[in-house]
Amino acid sequence: MLYRSEIKIIKDISIKESLFSGQSFIWNTLHDNTDYYATVIKNNPLIIRQISDTEIEIFCSSSVINGMVLPEFIEHYFTLDINTDDVFPESFSLLYPKLWDLLKGYFSLRILRQDPFETLITFMCAQGIGMQLIRKQVSMLAEHYGEKIVLPFSGKEIILHSFPAAQQLAATDPLLLSRCTNNNRLRAANIIRAARAVDEGRLDLDALQKSQLTLGELRNTLSRRSGIGFKIADCIALFGLGRFDAFPIDTHVRQYLEEWFNCTTPLRSLTPASYLMLDAEIRRVLNPDFAGYAGHMLFHCWRREIKKLRTF
DNA sequence: CCCCAGGCTTTTC
DNA sequence: GAAAAGCATGGG
């Protein structure tokens with residue numbers, strides 16, 4: 001039994017951002033009934049497709065997810081409460097007219113409010129490694145440690161895997177888990193440690209999300225953990241804890257900061273000190289409260305328009 | 001064999 | 001304290 005819900009959207013949502021299940025981050029806006037976005041939120045399969053320019057439909061085996069009724073959850077998950085037109089400061093288009101023009105196609109990008117634990121683990125898989133391999137790791141984690149879900153939909157069966165619960169990952173061992181972490185045993189061990197901390201309540205992500213910590217405090221708290229540095233900490237904050245002020249600086253961001261914003265901080269080696277300096281510098285250009293949201297549009301714009309990368 | 005990929009940790013000054 | 005080197009793996 002699938003619950004169906006329709007929801008009106010302000011503008012078409014065409015791009016999402018998620019590492020889970022190897023999902024491509026493009027959610028095609030084709031209206032051909034074959035293209036859908038399928039994911040699993042805490043064992044609830046969720047299928048979403050766009051039925052017109054202003055409407056999407058959602059199917060779910062449960063009418064309530066995370067304590068929210070379906071339409072409410074969708075609005076929350078896809079951050080439909082955020083108007084992406086307000087993400088950049090008003091002065092931005094005047095200061096960077098050429099860049100502003102390049103960014104036109106990226107205002108339909110949505111940062112998702114993803115599950116904190118899922119985000120914690122998936123971004124721990126994303127260190128010094130290519131996108132394809134990151135997604136492969138996450139897919140394998142779900143296939144090996146998540147629950148298999150078979151969903152009859154649109155005349156066929158969709159096979160989905162939920163993202164593993166902390167308890168599942170806490171119970172495995174590094175050698176076994178390393179099959180899913182690009183054969184990297186150290187990364188596997190770090191993931192197990194993090195999963196155990198969550199499972200045993202020593203790392204309370206929900207409490208972190210509700211806390212009023214400053215960005216710096218949150219980043220320090222997360223990066224104290226083995227396998228998590230400033231960049232991954234900021235990713236967890238941005239994608240998993242709803243902290244749209246968090247601005248993760250990776251190799252690509254570093255490049256566009258230099259190219260587009262003439263950041264003066266030395267960029268050759270990204271040390272913790274230069275990371276924080278860059279972070280402070282970009283906050284003078286972007287709206288500090290939505291620096292990460294804006295940064296993510298810039299990130300994908302840079303990769304696609306400038307670097308001509310077709311992988312996500 | 002080189003370098004790169006949505007960095008982190010340990011060593012060294 | 002902060003900068004430099006070391007680390008680990010697959011892919012082009």
Side-chain angles (χ1 to χ4, degrees), chain A residues 15-26 106 109 111-112 114 118-141 174-194 219-240 243-244 246-260 265-280 282 291-312:
Chain A
I15 309 180
K16 70 182 183 65
E17 168 66 18
S18 170
L19 291 176
F20 178 35
S21 294
Q23 294 150 355
S24 146
F25 92 99
I26 291 284
Y106 292 82
L109 188 151
I111 289 181
L112 308 183
Q114 297 172 71
E118 171 191 319
T119 309
L120 169 73
I121 302 301
T122 56
F123 276 95
M124 286 182 77
C125 294
Q127 301 156 2
I129 198 173
M131 257 336 236
Q132 301 292 357
L133 285 175
I134 295 170
R135 291 186 189 285
K136 182 181 170 191
Q137 293 174 84
V138 178
S139 298
M140 287 182 75
L141 282 176
L175 184 57
L176 206 57
L177 186 65
S178 65
R179 287 182 305 170
C180 306
T181 59
N182 207 34
N183 296 318
N184 187 323
R185 246 186 266 184
L186 183 58
R187 178 176 301 152
N190 283 334
I191 287 174
I192 291 170
R193 258 184 276 181
R219 182 162 51 207
N220 287 337
T221 302
L222 290 170
S223 62
R224 216 172 285 139
R225 190 156 287 288
S226 178
I228 300 176
F230 284 177
K231 191 268 174 179
I232 300 301
D234 277 336
C235 282
I236 296 166
L238 177 62
F239 299 113
R243 290 293 296 254
F244 302 135
F247 186 85
I249 303 171
D250 60 35
T251 158
H252 297 284
V253 175
R254 204 170 77 183
Q255 290 170 30
Y256 80 60
L257 285 179
E258 183 171 31
E259 182 80 16
W260 285 342
T265 301
L267 295 167
R268 299 306 155 215
S269 61
L270 195 55
T271 64
S274 59
Y275 187 101
L276 295 178
M277 285 167 68
L278 280 173
D279 184 66
I282 196 62
Y293 215 113
H296 204 59
M297 295 178 184
L298 293 165
F299 171 84
H300 284 295
C301 184
W302 172 260
R303 284 176 59 100
R304 297 189 69 184
E305 306 298 332
I306 307 298
K307 304 302 280 188
K308 306 294 181 190
L309 293 173
R310 303 305 297 175
T311 56
F312 302 106

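Chain A is the first sequence line, chain B the second, and so forth, proteins listed ahead of strands; every chain is numbered from 1.
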Next item on the list: Find the distance A/Q137:CD to B/dG7:C1' and express it as a whole number of Å.
Entry: 13 Å

Note to self: Can you check the distance between C/dA8 and B/dT11, where both ends of the measurement are the P atom (answer in whole Å)?
What the structure shows: 12 Å

Checklist line | Rounded distance (Å) that lies between atom C1' of B/dC4 and atom CD of A/Q132 | finding: 14 Å

Checklist line | Test ring pair (Phe, Tyr, Trp, His ring centres under 6.0 Å) applied to A/W260 - qualifying residues, sequence neighbours left out | finding: A/Y256, A/W302

Check: So, do A/L278 and A/L270 sit near enough that their side-chain heavy atoms are less than 4.5 Å apart?
Finding: yes

Notebook entry, point to check: From the list B/dG6, B/dC8, C/dA3, which nucleotide is the closest neighbour of the side chain of A/C235?
Noted result: B/dG6

Item checked: Contact residues, residues 219-231 of chain A to DNA chain B [heavy atom, < 4.0 Å] -> A/R225, A/S226, A/G227, A/I228, A/G229, A/F230, A/K231

Checklist line | salt bridge (Lys or Arg N to Asp or Glu O under 4.0 Å) against A/R243, all qualifying residues, sequence neighbours excluded | finding: A/D245

Margin query: Holding to side-chain contact (heavy atoms from CB on, under 4.5 Å), I want the full list of residues that pass it with A/I282, two or more places apart in sequence or in another chain.
Written below: A/F247, A/L257, A/F261, A/V285, A/L286

Checklist line | Euclidean distance, atom CG of residue A/L276 to atom P of C/dG1 [Å, nearest integer] | finding: 14 Å

Check: A/T122 versus A/Q114: any side-chain heavy-atom pair under 4.5 Å?
Finding: no

Next item on the list: Before giving the answer on side chain to side chain contact (heavy atoms under 4.5 Å, CB included), spell out for A/Q137 and A/L141 the whole-Å C-alpha distance, their side-chain angles and the decisive distance to 0.1 Å.
Entry: CA-CA 6 Å; A/Q137 293 174 84; A/L141 282 176; 5.5 Å; no

Notebook entry, point to check: Once you round it to whole Å, what is the distance between P of B/dC4 and CZ of A/R303?
Noted result: 15 Å

Pick out the pairs of N or O atoms, protein on one side and nucleotides 10-13 of chain B on the other, that lie under 3.5 Å.
none

Margin query: Whole angstroms only, please: what is the CG-P distance between A/L298 and B/dG6?
Written below: 17 Å

Next item on the list: Quote, to the nearest angstrom, the C1' distance that separates B/dA5 from C/dA3.
Entry: 23 Å

Item checked: Residues in ring pair (Phe, Tyr, Trp, His ring centres under 6.0 Å) contact with A/Y293, at least two apart in sequence or another chain -> A/F244

Margin query: Taking only the C1' atom of each, what is the distance from C/dA5 to B/dG6 in whole angstrom?
Written below: 23 Å

Checklist line | Under the side-chain contact (heavy atoms from CB on, under 4.5 Å) test, residues paired with A/A233 that sit two or more places apart | finding: A/R219, A/L222, A/S223, A/I228

Notebook entry, point to check: Could you state the interatomic distance from CG (A/D250) to CD (A/Q127), rounded to the nearest 0.5 Å?
Noted result: 12.5 Å

Margin query: Strictly by salt bridge (Lys or Arg N to Asp or Glu O under 4.0 Å), give each pair with a member in residues 221-233 of chain A just once, sequence neighbours left out.
Written below: none

Next item on the list: To the nearest Å, give me how far apart CD1 (A/I249) and C1' (B/dC8) are.
Entry: 16 Å

Item checked: Nearest-angstrom distance from the residue atom CG of A/L120 to P of B/dG7 -> 17 Å

Next item on the list: Starting at atom CE of A/M131, determine the distance to atom C1' of B/dG7, rounded to an integer number of angstrom.
Entry: 15 Å

Atom pairs under 3.5 Å: protein N/O with N/O of nucleotides 6-12 of chain C:
from: C/dT9; atom 1: OP1; to: A/N183; atom 2: O; distance (Å): 3.0
from: C/dT9; atom 1: O3'; to: A/N182; atom 2: O; distance (Å): 3.1
from: C/dG10; atom 1: OP1; to: A/N183; atom 2: ND2; distance (Å): 2.5

Notebook entry, point to check: Residues in side-chain hydrogen bond (donor to acceptor under 3.5 Å, both in side chains) with A/R179, at least two apart?
Noted result: A/H144

Check: Sequence neighbours excluded, which residues qualify as side-chain hydrogen bond (donor to acceptor under 3.5 Å, both in side chains) partners of A/N190?
Finding: A/R193, A/S226

